[in-house]
Amino acid sequence: MGRQELISQVVVTAQQMRDIENRIFAGGMPVAALMEKVAGLIADRIQTKLAEDTTYFPHSPSFRIGILVGPGHNGGDALVVARELYFRGYEVGIYCPFSKRKELTSQHLQYAQSIGIICYESIELLADCHLFIDGLFGFGLERAISDPIATAINQLNEWHKPVIAIDLPSGLHTDTGEVLGTAVRATHTLCLGLWKLGLLQDQALDCVGKAELIDFDIPLADIHAILGKSLGIKRIVKTTALSTLPLPRPPVTHKYKEGHLLLICGSRRYSGGALLTGLGGRASGVGMLSIAVPESLKSIMVAQLPEALIIGCPETESGAIAQLQLPENTDLSKFNAIACGPGLTRDANPILQQVLESTVPLVLDADGLNILADMGTIPTLQKRQAPTVLTPHAGEFKRLFPDLSDANQDRVKAVREAAAQSHAVVLLKGARTAIANPQGTVWLNPESTPALARGGSGDVLTGLLGGLLAQASSKNIPVEDITATAAWWHAQAGILAAQERTELGVDAHTLTQYLIQVLLLEVISTSDKYSF
Ligand SMILES: NC(=O)C1=CN([C@@H]2O[C@H](COP(=O)(O)OP(=O)(O)OC[C@H]3O[C@@H](n4cnc5c(N)ncnc54)[C@H](O)[C@@H]3O)[C@@H](O)[C@H]2O)[C@H](O)CC1
Ligand SMILES: [K+]
């Protein structure tokens, strides 16, 4: 794996970043030299951004940049940026309300003032700035921000001007993304060296804006020395996601070699869920698709999914599947994967018992999760031998794991605990979907769209994931990697659909039509090894 690819996947906590940094310093790199290098790269990036984006940053002789400087090395970075932008002809002013500062930061402040950059103690005096650089705190923030800094940050936020945060928006917890007191609402974040975990947590996203990484050549040996070879937390990136797709297919194959997926979904009350799950399964390219639904849904399913084998099952009085009535000579072990849950209703309880006993990889979603929660998640899953993937949103997560950490706060901690205790792969849905395996590795999906916050989009994911699992069954690819790929593919389809149709135009049915469309674009732009 090349440097760029590895760096784009790595995610660190504050402590890990400190440890990596200490190795660099122990190796002989002077602290001041590193700050100079990093801040030089930040200044270059800001200058390019200003030149590139003239609608956002209009050229004007009075263009003024306000630089917020904290007491630590985040403030030191900001001062080097201030000096560089000043020498490159920009008008800059500094806000630094701290009397105690780290030595290097103090030296840079002294020099900045000596060359004529004015340092203000009140942020109000920067009110006419067109752009702000936030260098108040980086990964050294230790406690909630208090006054006068809190009031200054709130004032800055009220101006609604462009703000570029250095490393991370000041006030965010580096690991959990929690707002500590108050936080800068940045429009852009230039994360330094390696992605900080907090930037990938849902609760941080209001403050992060567009995030990008500034690579300052951290030696790979230092990264591996602290994080290990396998990395504990990874961003899902395009190259790894595409590498687990069943593409290209072998030239000689047949439908059963390309996986047989069984979907179990729907009820008289929720027929749409079954349909969307089926369409998601179809888009996965799976060789054979069987869908078990209540008998009364059979005709509508056949009409919409003519290539699938629709299995009409006896129904309860309420219209749920009463019993799985598989074709003759078929039992659950004939399938390569099963996905179960969307639209089932809790009345389908006996069905879940049956699929849990199967020896086939199983995806549980929606009512499949609700029924599992009723059974007792952890003791029930501990009995299973084959892999299980749970795909809850935060509400379902709470029902499944009532005693674990809150999935609305430190989502990474919550999903890790859930996977460890249930021995399942857990995919916690959200703006930054988080996936954990029982061994503690976590995958975070760094790109998505609020357009996917819509009824039915989860059903599409369930079908898609089931189809990918079925196709991978003979390939020895870890279930968690396939789960990460499904989350990535689903989100990318949403992003493309939102670009073409706005965030309001991505209903779940439309989403299914973008799955192949986005793949075509991504695969073609990545490699020429696929031929169509
Ligand atoms: N990672 C790297 O290799 C590099 C990082 N750089 C930059 O340095 C910061 C981290 O610097 P550090 O000095 O450790 O921390 P901070 O700048 O975030 O500030 C710590 C400073 O603030 C005090 N403090 C903490 N919390 C509060 C609070 N709530 N209120 C008031 N004061 C607080 C604390 O006591 C410290 O004095 C990193 O983010 C990068 O921007 C290097 O420049 C390049 C290499
Ligand atoms: K900052």
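Each ligand, and each atom within it, is numbered from 1 in the order the structure gives.
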> Do Gln409 and Glu178 have a side chain donor and acceptor closer than 3.5 Å?
Replying inline: no
> Applying the salt bridge (charged side-chain N to carboxylate O under 4.0 Å, His left out) test to Lys429, which of Asp459, Asp202, Asp365 qualifies?
Replying inline: Asp365
> Measuring to the K ion (ligand 2), does Leu168 have an N/O/S atom at a distance below 3.4 Å?
Replying inline: yes
>> Between Gln201 and Asp410, do the side chains contain a donor N or O and an acceptor N or O under 3.5 Å apart?
In response: yes
> Got the closest protein heavy atom to atom 39 (O) of ligand 1, with its distance?
Replying inline: Asp167 OD2, 2.6 Å
>> Considering non-hydrogen atoms of the protein only, which is the closest contact for atom 44 (C) of ligand 1, and what is the distance?
In response: Val38 CG2, 3.8 Å
>> Suppose we only count N/O/S atoms under 3.4 Å; would Ile166 qualify as near the K ion (ligand 2)?
In response: yes
> Is it true that the side chains of Asn154 and Glu158 contain a donor and an acceptor less than 3.5 Å apart?
Replying inline: no
> Between Val506 and Tyr514, is a side-chain contact (heavy atoms from CB on, under 4.5 Å) present by the stated rule, with each step listed?
Replying inline: CA-CA 9 Å; Val506 193; Tyr514 276 84; over 6 Å; no
> Considering only heavy atoms, does Leu192 approach ligand 1 within less than 4.0 Å through its side chain, its backbone, both, or neither?
Replying inline: side chain
> atom 2 (C) of ligand 1: which protein heavy atom is closest, and how many Å away?
Replying inline: Glu21 OE2, 3.1 Å
> Among all residues two or more places apart in sequence or in another chain, which pass the side-chain contact (heavy atoms from CB on, under 4.5 Å) test with Lys161?
Replying inline: Phe132, Trp159
>> Suppose we measure from atom 26 (N) of ligand 1 to each protein heavy atom; which comes out shortest, and what is that distance?
In response: Glu142 N, 3.0 Å
>> If you measure every N or O of Gly140 against every N or O of ligand 1, does any of those distances drop under 3.5 Å?
In response: yes
>> Quick check on the K ion (ligand 2): does Phe137 put an N/O/S atom closer than 3.4 Å to it?
In response: yes
> Do Leu468 and Leu245 have side chains that get closer than 4.5 Å, going by heavy atoms?
Replying inline: yes
> Applying a 4.0 Å heavy-atom criterion (strictly less than), which segment of Ser146 is in contact with ligand 1: side chain, backbone, both, or neither?
Replying inline: neither
>> Within rounding of 10°, what is the angle whose vertex is the K ion (ligand 2) and whose arms end at OD1 of Asn74 and OG of Ser170?
In response: 100°
> Considering only protein heavy atoms, which is closest to atom 45 (C) of ligand 1, and at what distance to one decimal place?
Replying inline: Leu34 CD2, 3.5 Å
> What class does the angle between the rings of His130 and Phe63 fall in, given that below 30° is parallel, 30 to 60° is tilted and above 60° is perpendicular?
Replying inline: parallel
> Counting backbone and side chain alike, does Asp134 bring an N/O/S atom below 3.4 Å of the K ion (ligand 2)?
Replying inline: yes
> Among protein heavy atoms, which lies nearest atom 9 (C) of ligand 1, and at what distance?
Replying inline: Asn74 N, 3.6 Å
>> Residue-level breakdown please: for Asp77 versus ligand 1, do any non-hydrogen atoms fall below 4.0 Å on the side chain, on the backbone, on both, or on neither?
In response: side chain
>> Contact between Gln421 and Phe401 at the side-chain level, heavy atoms closer than 4.5 Å - yes or no?
In response: no
> When you look for heavy atoms under 4.0 Å from ligand 1, do you find them on the side chain of Met17, its backbone, both, or neither?
Replying inline: side chain
>> Polar contacts were defined as any N/O atom of the residue lying under 3.5 Å from an N/O atom of the ligand; does this apply to Gly138 and ligand 1?
In response: yes
> Which residue supplies the protein heavy atom nearest to atom 14 (O) of ligand 1, what is that atom called, and how far is it?
Replying inline: Lys102 NZ, 3.4 Å
> Closest non-hydrogen protein atom to atom 11 (O) of ligand 1, residue and atom name please, with distance?
Replying inline: His73 CB, 3.4 Å
